[in-house]
Amino acid sequence: MYTAHPDRYADMPYRRSGRSGLKLPALSLGLWHNFGPDRPVTTQRAILRRAFDLGVTHFDLANNYGPPPGAAESAFGEALRADFAAYRDELVISTKAGYLMWPGPYGEWGSRKYLLSSLDQSLTRMGLDHVDIFYSHRPDPATPLEETMGALHSAVQQGKALYVGISNYSAEQTREAARILGELGTPLLIHQPRYSMLDRRPETEGLLDALDELQVGSIVFSPLEQGLLTGRYLDGIPEGSRAASDSPFLNSDAVTADLVGQLRDLDEVAKGRGQTLAQLALSWVLRGGRVTSALIGASGPQQVEDCVGAIGNLDFDAEELVRIDAIVNR
């Protein structure tokens, strides 16, 4: 039987999400990949156990995570019953709905029917009566935002979610969503955008500024840019990597000679800080406290350990930041 490490809260920093009372670990574990039937259950459970032992209290899911869709929630539900039932109140569990989950006109996007039906299915797969955070996974151009936000509000009113969030919304959409939710009496807790040293859109498109103004938290996905910022690609495309498989999320054409050169130079910056490239990338998105938490994925417990090592050095001097910007923007 699993017993959590007694010192699991000794080192991990916890940051308040916006103006709420909820604190999240600086690093959260995302179950986007590696939690489907093609991965050994023993490995999945080892990842979750190691993360929690290191103070990672937040596990982030979505209805379509796996593969196949639903598999990650089912796998997590089994691990929750086997290992974490006694620790449920120490965990923040989130899920989302927005992308294609089942066929027909009610199986994706942002209608009230889809969102609340999907949440019920997610709770069944995980064996829970509520999640801590329920997200609208993407904006729906064909559904009024009032309906989508109203569904999130209903999830809280029904006791099926404690907080609500949005993901992949623009700065303008975020402001409007926050306004609607505020009027309903269910504040917007958090936004989940894509953000990394190589993808600065939350900065350049004003999303981080909007979140600061609204006092809404943020948890960023792909801070390691689909593995590019882990050191795996310092010598090109390795066998068995995501790029080698021409994944829809990272294809081989993206790994150019210029990019490899940038990655090598960033790795030199990391070495100068006593970090791995992955640790540098995570420290960079967490710098200054604007980002509440960074989502990591892992195919084994050792990757979790490497990522958590980033919390040992979250500060940058001006020269380091200038050097990083020069490498990325050249």
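All values derive from a computational prediction rather than experimental measurement. Below, all heavy atoms of this structure are taken into account, side chains as well, without hydrogens, waters or symmetry copies.
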Show me the side-chain donor-acceptor pairs of residues 101-111 shorter than 3.5 Å, one per line, residues at least two apart or across chains.
{"residue": "Trp102", "atom": "NE1", "partner": "Tyr106", "partner atom": "O", "Å": "3.4"}
{"residue": "Glu108", "atom": "OE1", "partner": "Arg138", "partner atom": "NH2", "Å": "2.8"}
{"residue": "Ser111", "atom": "OG", "partner": "Tyr114", "partner atom": "N", "Å": "3.1"}

Rounded distance [0.5 Å steps], CG in Leu24 versus OG in Ser293: 5.5 Å
Sidechain-backbone polar pair: Gln192 side chain, Ile219 backbone, donor-acceptor under 3.5 Å: no
Distance-only side-chain donor-acceptor flag, Asp60 / Ser94, under 3.5 Å: yes
Electrostatic pair Glu172:Arg175 at N-O distance under 4.0 angstrom: no
Parallel, tilted or perpendicular, as decided by the 30° and 60° cut-offs, for the rings of Trp32 and Phe221: perpendicular
Test applied, side-chain contact (heavy atoms from CB on, under 4.5 Å); reference residue, Leu189; option that passes from Val164, Ile133, Leu162: Ile133
salt_bridge(Arg330, Asp258) N-O dist < 4.0 Å: no
Carboxylate-amine/guanidinium proximity below 4.0 Å for Glu205 and Arg200: no
Carboxylate-amine/guanidinium contact Arg323 Asp265, below 4.0 Å: no
Pair Asp306, Gln279: side-chain N/O donor-acceptor within cut-off below 3.5 Å: yes
Ser283: side-chain hydrogen bond (donor to acceptor under 3.5 Å, both in side chains) partners, not counting sequence neighbours: Gln275
Side chains of Tyr169 and Ser136, donor plus acceptor under 3.5 Å: yes
Residues Asp129 and Arg88 bridged, charged N to O under 4.0 Å: no
Modelled atom types, side-chain donor and acceptor of Tyr2 and Asp53, under 3.5 Å: yes
Ionic contact status for Glu268 with Lys271, cut-off 4.0 Å: yes
Exam field: side chain Glu320 to backbone Phe316, donor-acceptor pair closer than 3.5 Å: no
Selection residues 13-22 - residue pairs positive for side-chain hydrogen bond (donor to acceptor under 3.5 Å, both in side chains), sequence neighbours left out: none
